[in-house]
Amino acid sequence: MKFAVLVFPGSNCDIDCYKAVEDTIGEPVDYVWHTATDLSAYDCILVPGGFSYGDYLRCGAIARFAPVMAEVAKAAEQGKYILGICNGFQILTEAGLLPGTLRRNSSLKFRCHDTVLRVENNDNPFTTQYQKGEEIHIPIAHGEGNYYCDEETHAQLKANNQIIFRYVDNPNGSVDDIAGVSNERGNVVGMMPHPERAVDSLLGSEDGKRMFTSILKAWRDRHESASVR
């Protein structure tokens, strides 16, 4: 399995994502610059956090026009796995690959601390190694993580089991405590918390590690390959 970590001008969590893949599952991973026009070599695309293009306009609203995003859309259509984290989540919503949008935190303050998430859907390629209802510790660091969608979209998210994580103690005012969602097909996931910063006890939590082992298992099961490490 081969991973791509996209890099936009202003990304600052790309190294964390790269190291998380390298250290948790040891699969090949490349940095891919925002001007790339071919992602065909990759099975999973990570859209990291940071401040793409300085976070000017709505966060992610400029990044969605980067050349590589046409390839991300193509990969999503092909059923490849795509995970957007923090600014990456914002980019995926701006690109129309995930429903809803991210607004300023209700406190209007940047929030940077550990949070507790509840796993709402463990039938997704990124969450199969969690238990449904399990509470996990994953840090946040954002000023615009207030997830919003209209009532119709919210009803669709619930009906299609697209709500992946909810906050136990909602830190930003998100609708229905939503911390992460998927597309209807389930192969594209976005979340504001940072699982790549929770892959070692030295970081305060290992709870993010299973997102990476889950996706590797899903890919191997899909390709009838070797057993999970």
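- More than 12 heavy-atom neighbours from other residues, nucleotides or ligands sit within 6.0 angstrom of CD on Gln78.
- Partners of Arg185 according to the side-chain hydrogen bond (donor to acceptor under 3.5 Å, both in side chains) rule, which considers only residues two or more places apart in sequence or in another chain, do not exist here.
- With hydrogens and angles ignored, the 3.5 Å screen pairs a side-chain donor or acceptor of Lys80 with a backbone N or O of Ser40.
- Using a cut-off of 4.0 Å between Lys/Arg side-chain N and Asp/Glu carboxylate O, Glu77 and Lys74 are scored as not salt-bridged.
- Closest of all the heavy-atom pairs between Glu94 and Cys59 is CG-O, 3.7 Å.
- Asp177 contributes no side-chain N or O that, together with a main-chain N or O of Val168, makes up a donor-acceptor pair within less than 3.5 Å.
- A donor-acceptor pair is defined here as one N or O able to donate and one able to accept, closer than 3.5 Å; no such pair exists between the side chain of Asn105 and the backbone of Leu108.
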Legend entry - side-chain contact (heavy atoms from CB on, under 4.5 Å) assessment of Ile164 paired with Phe126: CA-CA 9 Å; Ile164 306 298; Phe126 285 95; over 6 Å; no

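- Looking at every heavy atom in both residues, Ile136 comes nearest to Val119 through CD1-CG2, 4.3 Å.
- One N or O on the side chain of Ser214 and one on the backbone of Arg210 form a donor-acceptor pair closer than 3.5 Å.
- In the hydrophobic clustering of this structure, Val175 does not group with Val181; members are Ile, Leu, Val, Met, Phe, Trp, Tyr whose side-chain heavy atoms approach within less than 4.5 Å, directly or through other members.
- The closest donor-acceptor contact from the side chain of Ser11 to the backbone of Cys13 lies at 3.5 Å or more, if one exists at all.
- Transitive grouping of hydrophobic side chains (ILVMFWY, heavy atoms separated by less than 4.5 Å) brings Leu203 and Met192 into a common cluster.
- What you find for Pro193 and Ile85 is that their closest heavy atoms are O-CG2, 3.4 Å.
- Using modelled atom types and a 3.5 Å distance limit, the side chains of Asn87 and Ser52 yield a donor-acceptor pair.
- Note: the hydrophobic cluster containing Val29 also contains Tyr31 (ILVMFWY, side chain heavy atoms under 4.5 Å, direct or indirect links).
- No donor-acceptor pair under 3.5 Å is formed between the side chain of Asn183 and the backbone N or O of Leu98.
- Looking at every heavy atom in both residues, Asn121 comes nearest to Asn124 through OD1-N, 3.7 Å.
- When all heavy atoms are compared, the tightest approach of Asn122 to Tyr130 is ND2-O, 3.1 Å.
- Scanning for side-chain hydrogen bond (donor to acceptor under 3.5 Å, both in side chains) contacts around Tyr18 gives an empty result, with sequence neighbours left out.
- Checked options His142, Arg111, Glu144; the residue passing with Asn172 is His142 (criterion: side-chain hydrogen bond (donor to acceptor under 3.5 Å, both in side chains)).
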Inset, instruction - Show the numbers, then the answer: is there a side-chain contact (heavy atoms from CB on, under 4.5 Å) between Val199 and Phe212? - result: CA-CA 9 Å; Val199 295; Phe212 297 94; 4.1 Å; yes

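- The main-chain N or O of Gly145 is found under 3.5 Å from a side-chain atom of Ser174 such that the two form a donor-acceptor pair.
- Between His34 and Tyr53, the ring planes lie perpendicular to each other; the angle is over 60°, past the 30° to 60° tilted range.
- Residues Tyr42 and Asp30 bring a donor and an acceptor atom of their side chains to less than 3.5 Å of each other.
- Seen from the ring of Tyr81, Arg222 counts as a face-on cation partner, given the 6.0 Å and 45° thresholds.
- Under the 4.5 Å side-chain contact rule for hydrophobic residues, Ile45 and Phe65 do not share a cluster.
- For the pairing with Pro99, the side-chain contact (heavy atoms from CB on, under 4.5 Å) check across Gln162, Gln156, His154, Glu152 returns one residue only, Gln162.
- Atom OG1 of Thr128 is separated from atom CG of Asp123 by 9.0 Å, given to the nearest 0.5 angstrom.
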Inset, instruction - Please assess Glu71 against Val32 for the test side-chain contact (heavy atoms from CB on, under 4.5 Å), listing each intermediate value before the final yes or no. - result: CA-CA 12 Å; Glu71 290 298 303; Val32 176; over 6 Å; no

Legend entry - Worked check of side-chain contact (heavy atoms from CB on, under 4.5 Å) between Leu39 and Val68: CA-CA 8 Å; Leu39 292 176; Val68 75; 4.0 Å; yes

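- Residues that satisfy the side chain to side chain contact (heavy atoms under 4.5 Å, CB included) test with Glu120, not counting sequence neighbours, are Arg118, Ile163, Arg166.
- Taking hydrophobic clusters as Ile, Leu, Val, Met, Phe, Trp and Tyr residues chained together by side-chain heavy-atom distances below 4.5 Å, Ile15 shares a cluster with Ile91.
- A donor-acceptor pair under 3.5 Å is absent between the side-chain atoms of Asp16 and the main chain of Glu196, judged by distance alone.
- With respect to Glu22 and Lys19, a salt bridge is recorded, a charged nitrogen being found less than 4.0 Å from a carboxylate O.
- Between Ile62 and Tyr56, the closest heavy-atom pair is CD1-O, 3.9 Å.
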